[in-house]
Structure formats: C-alpha cells, structure tokens
S.K.: 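Next up is a structure, given as structure tokens.
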Amino acid sequence: MNDRYDAGSAGYGSDQQYEIVGYDEYGRPVYQQVQQPQQPPQQPYDPYGQQAYGYDPYATGQQQPAQSYDPYGTAAPYDPYGQAAASGQQPRVAEQTAYIPQQAGPVAEPDEPARDQREYRTEQFAFVEDPEGDPEDVIDWLKFTENRTERREEARRRARSRIVALVLVLALCVAGGVGYLWYAGKLPGLSSSGDRTGTATAAGAQKRDVVVVHLHDTRSGGTATALLVDNTTTRQGTTVLLPNSLALTGDDGTTSTLAKSVEDDGSSGTREALDTVLGTEIQGTWRLDTPYLQNLVDLVGNIDIDTNTDVPDPAAKSKGAAPLVNKGEAQTLSGKMAVAYATYRGSGEEQNAQLERFGQVMQGVLRKLSSDAQAATITVQTLQQILDPSMTDKDLGTFLAELADLAKGGDYKTALLPVQDDGTLSAETSASVVKDVLGGTAKSPDQGAAVRVSVQNATGVKDNTEKARVVLLNGGFTFLEGGTAAAAQSASKVLYTDAADKENATEVAKTLGLPTSAVAKGKVTSNASVSVILGQDYEPSSP
C-alpha cells in the first residue's frame, strides 16, 4: 500500500513521487503525491504546445497566461464562465486524493498521457428537450377539420340534389296526372270524346272494339242481349243494353225483333242485322248460357252490386220462403244468386227492368275479373263453353281483361238503348247512344252494296209501311223500319245528309213514286243513308 512511484521515471519530466493509498471500485490504484522539498519551479510538461500562449477556450481573442500542468487540481479551480476563484490558487493538502468520485470515468494511470481537465465526455451531460407540438398531431387536426368541412359541403350538396330530385318527381307526377286526364278526355272544358292529341275527335272516327253477348236462360227460356264496347280512343268502357223489341231487318228484307232474330237466325245473322241497324262493326258474339254465367261468377270469387229488388229462390217450393237475393247496397252474390238476379223479371215489369239487372251483373263480373290478359283467358278456358267461330278463347280473354281494367278504374258505364214502341230507333237514340257510344254513322256503302233506306210511316195507314218495303226491296234497296210517326203529314220527304247520297235519294223518290221536289238535305237516322217520311201524298200503287 505504501509503494512509491517515481513520476520522472515514467517520462512525465517531474521528480515528484506518488504512493498508492488504496484502490477504487474498479480495482485500480489510487495515488497520493508525496511532498518534496521546495525546489525551483520548472517548466511544466506542455504536450499541446501551449506554453507560449494561454488557452482561450471561448475564442475571445485574448491570450490567457500560460499555466502549469496540474493534472490533479492543485492549481486554481477551473472557472468555465471566465471568473477567477475568489481565493486565488489554493494549495493542496497532503491527504487530498487525486480521485474525484463524481466522475464516472477512471483516474488516469501514471503511464497514460494526462488529459486536459477541461475536456468533457458525452455521458457527463443529459439533454432535456422541451416537448413541442407534435407535427403529426397538427396534420391530423388539419385533416380532420378539412374532412369535416368537406363532409358538411357534401351533405349540403346531397340535400340540394334530393330537393331538386323531389321537385322533379312531383312535377312529373303532376304532368303525368294531367296528361292522363287529358288523354282520357276528363279535363274540365274538354270534350268527353277528346282523343290523345287533346283535340275533339268525331264520334265516328274513334276506334271501338265491340262484342255482342246473348244471355240464354236455360231454365225459364228467353234471352237478353247487350253490347260490350271498348272505346280505345277515349279509354271508356260501356255495356249497351239492347231491348228484345228492337226491330231488325234480315238479308231478305224482312223485319223481325231482336229476340226473334236470336232464336231464329242465330248469332251470325243477328250480328249482321245489328251492324245494319246500328251502323257499327261487331267483332264477335259471346253466347253465355245461365250455367256458364253461374260458373263465371264463382270463378271470379262472387260479385258485389247494389240490388234494386228482392229475388225469390226459384227452387223454393213455398211462397213464404226467404228471398234468395235481398234488396240493398253492396250485396254479395254467388253464382247462383247472380243468375237469379240477372234473369228476374217481376210481375208487371217490362223487359228493360230485367235487362238492366243483367247489365249490373256483367259490370260486377268485370270488376272482379283479372286485368291480365293471360289470366282472363284462363278463366274463359275454364268455362269450357263453345264460342262463336269468329272468336277464340284468347280473343275473348284479352277483350274482357281490357274492360276489366276500365271497370276497376271507374271508366265504365251501362247505357240502355231506347227504342220506340214499334221497335224503331228515335232521333234522340241516334245522338245519345248510337252515335256517341257506338259511333254508328251512315256508312259509305261498299261498291255494289245496297243503299240503306229508313222509312217512317206518316200516312195514317199502317199497311203503307209494308207496301213501301216491298217496293224498295224490289228496287235493290235495303229497307230499315223507321216506325210510325205520332201525327200524319200531308207531304212526303226524302232526306239525305251527305252530298254523295243526293243521287241515291233521288232514285229512292222515283222508286216510291214521289216527286223529286220531295228530295232535300236534312237529318238522317244514323243507321241509314237515306230517310223517307211517307206522307199522305204517297200512293202505294204508284210505279
């Protein structure tokens, strides 16, 4: 422990001696300087050549006085801020050690080069950075603000788009509704016969599909006839009820009633006779016997109609039995009940009363029938009835589906064709039903076809009608029964409407033996080309 060490022998240029006084925590020896007798000062070892000039650590430009090398702090303490110690140079006591415990590094060995006490190692310092705003957080906040602004703008744009779309949809709906009313001719101020262009279309120029229906009562006998009309121009459906007393003229010129024509001439002859009288074009005939009507009502799932009378059960044996059909609004009728109501004619009632009930049942069936053409066709096929050769199951099914669509939409009505007591059509009939509903107008006769002549007897002699009929048929004209006038007229008239028929009217006057002065332009019944009013000047014996 008291080993001495000669610093001069180690090459430090000094006669100072040191002795080991202990070991540090790393096992290295700790030296202590041994005091020597006072000697003259010697030039200390200057390994860095700084003897001539003092070291200026802060580059102030002022030279510091050279100091002797003091590796163990015997000189004045180091003042890093350029302030000298107040006490000046402090002598080192004998027991002061050269080891500084605060320093992490080891004390230099005697054989190592002495280090400048002003040198510092990195591990002696701790750098503390003040936390500043994280640029990542700033960027995220800017992005968040920008995205939120964009989302708000996008929400506003979407809201504006929705409002614009809603306004457009409402405008289209309004335009569509007005267009439909315009198309159907239901706008106020427009004619009910308005066409798709919004202009009034003549009744005769409108397109219609017409089918005649004959209901045959297989239980008690009798028939009922109606025309089912689909006006495809005005989108209006109508059931036109035809009284059995309607006068028809056959191909041979003979006159008979509608009921007799259905029984004798069958469907084909009756259809042609109706075309002649009404000036229409019937596409087909549908014979509907009462058993088929009962099946039809059951197939569509019963019907709901407003009944106008109680109908007894035909199968009831006692008179006091409850009615099969009760009078009232929105009565639900099964197939059996519908047949009983459609064929019922009360005591003292005219045939028209029963005909109107038949029309109610037909409209009730159309309201329940499918509007799909294929489904309606399947219903018709399920009836397994024999149709007129002019119609097929598909034709009838498609036609009924169109009428069903109109009936469900409220565009359907029922009209009774009014006829006079003698079965002829009146002028009012031509305007209200034949012209407006059926579009029956005087047809231009085909080449070689006979001119249709309507004859009204105003002579006061009933037989004169038959005599005039014979004369006209012999002259090559088609005779149409015009009935009997309420009052006799002195002068006969031969009327025409179209200028093209003036010549035909003149020929009719000559055939009947009437003067040409009787020929004049006037009102003609819709089912004829020329109308004749036989006056008292008519002489049947005239050539």
Side-chain angles (χ1 to χ4, degrees), residues 208-230 237-251 255-278 280-297 299 335 338-345 350-366 369 376 379-381 383-393 395-397 399-400 403 414-417 419 423 433-434 437-438 440:
R208 298 170 177 83
D209 295 328
V210 183
V211 171
V212 58
V213 181
H214 299 300
L215 176 66
H216 289 255
D217 187 352
T218 59
R219 181 182 179 86
S220 59
T223 60
T225 302
L227 296 178
L228 302 180
V229 183
D230 177 15
T238 308
T239 297
V240 178
L241 305 175
L242 305 180
N244 283 336
S245 60
L246 177 64
L248 300 179
T249 302
D251 293 337
T255 302
S256 63
T257 63
L258 174 60
K260 191 173 187 303
S261 176
V262 173
E263 294 291 342
D264 297 342
D265 298 337
S267 60
S268 177
T270 302
R271 181 172 66 248
E272 293 174 358
L274 289 173
D275 279 340
T276 302
V277 172
L278 302 176
T280 59
E281 183 179 354
I282 300 174
Q283 284 79 28
T285 300
W286 182 19
R287 173 167 176 161
L288 187 62
D289 294 352
T290 50
Y292 294 119
L293 175 60
Q294 179 175 339
N295 293 338
L296 179 59
V297 173
L299 283 173
V339 169
Y341 185 78
T343 58
Y344 179 72
R345 181 177 178 179
E350 296 182 356
Q351 192 263 337
N352 289 349
Q354 176 266 321
L355 192 61
E356 290 176 352
R357 296 186 185 108
F358 171 51
Q360 285 182 279
V361 171
M362 289 304 301
Q363 188 166 349
V365 169
L366 291 174
L369 190 68
T379 301
V380 172
Q381 293 173 343
L383 294 176
Q384 297 181 353
Q385 60 181 338
I386 300 175
L387 299 176
D388 184 83
S390 62
M391 294 189 69
T392 63
D393 293 339
D395 293 338
L396 181 57
F399 176 75
L400 294 178
L403 293 181
T414 300
L416 176 65
L417 177 68
V419 297
V433 178
V434 176
V437 177
L438 299 175

S.K.: Side chains of Leu278 and Leu227: closer than 4.5 Å at any heavy-atom pair?
M.R.: yes

S.K.: Does a side-chain heavy-atom distance below 4.5 Å link Thr270 with His214?
M.R.: yes

S.K.: Hey, what do you get for CG (Asp209) to CD (Glu281), rounding to the nearest 0.5 Å?
M.R.: 9.5 Å

S.K.: Starting at OG1 of Thr285, measure out to CG of Leu396 and round the result to the nearest 0.5 Å.
M.R.: 11.0 Å

S.K.: What is the minimum heavy-atom distance between Ser390 and Gly284, and which atoms define it?
M.R.: OG-CA, 3.6 Å

S.K.: Taking all non-hydrogen atoms of both residues, which atom of Ala247 and which atom of Val277 are closest, and how far apart?
M.R.: O-CG2, 3.8 Å

S.K.: Within the 4.5 Å heavy-atom criterion, are Leu438 and Thr238 side-chain neighbours or not?
M.R.: no

S.K.: Applying side-chain contact (heavy atoms from CB on, under 4.5 Å) between Leu215 and each of Val339, Val262, Thr343, Thr223, report the one that passes.
M.R.: Thr343

S.K.: Out of curiosity, Thr257 OG1 to Lys260 NZ, how far, rounded to the nearest 0.5 Å?
M.R.: 7.5 Å

S.K.: What distance separates Leu387 CG from Asp395 CG, expressed to the nearest 0.5 Å?
M.R.: 9.5 Å

S.K.: Check step by step if side chain to side chain contact (heavy atoms under 4.5 Å, CB included) holds for Arg219 and Thr290.
M.R.: CA-CA 8 Å; Arg219 181 182 179 86; Thr290 50; 5.6 Å; no

S.K.: Would you compute the distance between atom OG of Ser245 and atom CG of Leu417 and round it to the nearest 0.5 angstrom?
M.R.: 9.0 Å

S.K.: Run the side-chain donor-acceptor check on residues 357-364: report pairs under 3.5 Å with partners two or more places apart or on a different chain.
M.R.:
residue	atom	partner	partner atom	Å
Arg357	NE	Asn308	OD1	3.1
Arg357	NH1	Tyr344	O	2.9
Arg357	NH1	Glu349	OE1	3.1
Arg357	NH2	Glu349	OE1	3.3
Arg357	NH2	Glu349	OE2	2.9
Gln360	OE1	Tyr341	OH	2.8
Gln360	NE2	Asp306	O	2.6
Gln363	OE1	Thr414	OG1	3.0

S.K.: Heavy atoms, side chains only, cut-off 4.5 Å: are Leu242 and Leu274 in contact?
M.R.: yes

S.K.: Are there more than 12 heavy atoms of other residues, nucleotides or ligands under 6.0 Å from atom CD of Gln381?
M.R.: yes

S.K.: Looking only at non-hydrogen atoms, find the nearest pair between Tyr292 and Leu383 and report the distance.
M.R.: CE2-O, 3.4 Å

S.K.: Between Arg287 and Gln385, is a side chain to side chain contact (heavy atoms under 4.5 Å, CB included) present by the stated rule, with each step listed?
M.R.: CA-CA 9 Å; Arg287 173 167 176 161; Gln385 60 181 338; over 6 Å; no

S.K.: Determine whether Leu416 and Pro243 make a side-chain contact, defined as any pair of heavy atoms from C-beta on separated by less than 4.5 Å.
M.R.: yes

S.K.: Do the non-hydrogen side-chain atoms of Val210 and Gln283 ever get within less than 4.5 Å of each other?
M.R.: yes

S.K.: With side chains defined as the heavy atoms from C-beta onward, is the minimum distance between Leu228 and Leu400 less than 4.5 Å?
M.R.: yes

S.K.: Measure across Val229 and Leu403 and return the closest heavy-atom pair with its distance rounded to 0.1 Å.
M.R.: O-CD2, 3.7 Å

S.K.: Would you say Val212 and Thr225 make side-chain contact, with heavy atoms under 4.5 Å?
M.R.: yes

S.K.: Would you check if the side chain of Gln351 reaches a backbone N or O of Asn244 as a donor-acceptor pair within less than 3.5 Å?
M.R.: yes

S.K.: Which pair of heavy atoms, one from Ala376 and one from Gly397, lies closest together, and at what distance?
M.R.: CB-O, 3.3 Å

S.K.: Taking all non-hydrogen atoms of both residues into account, name the closest pair between Ile282 and Asp275 and its distance.
M.R.: N-OD1, 3.0 Å

S.K.: When you measure from the side chain of Asp289 to the backbone of Pro291, do you find a donor-acceptor pair of N or O atoms at a distance under 3.5 Å?
M.R.: no

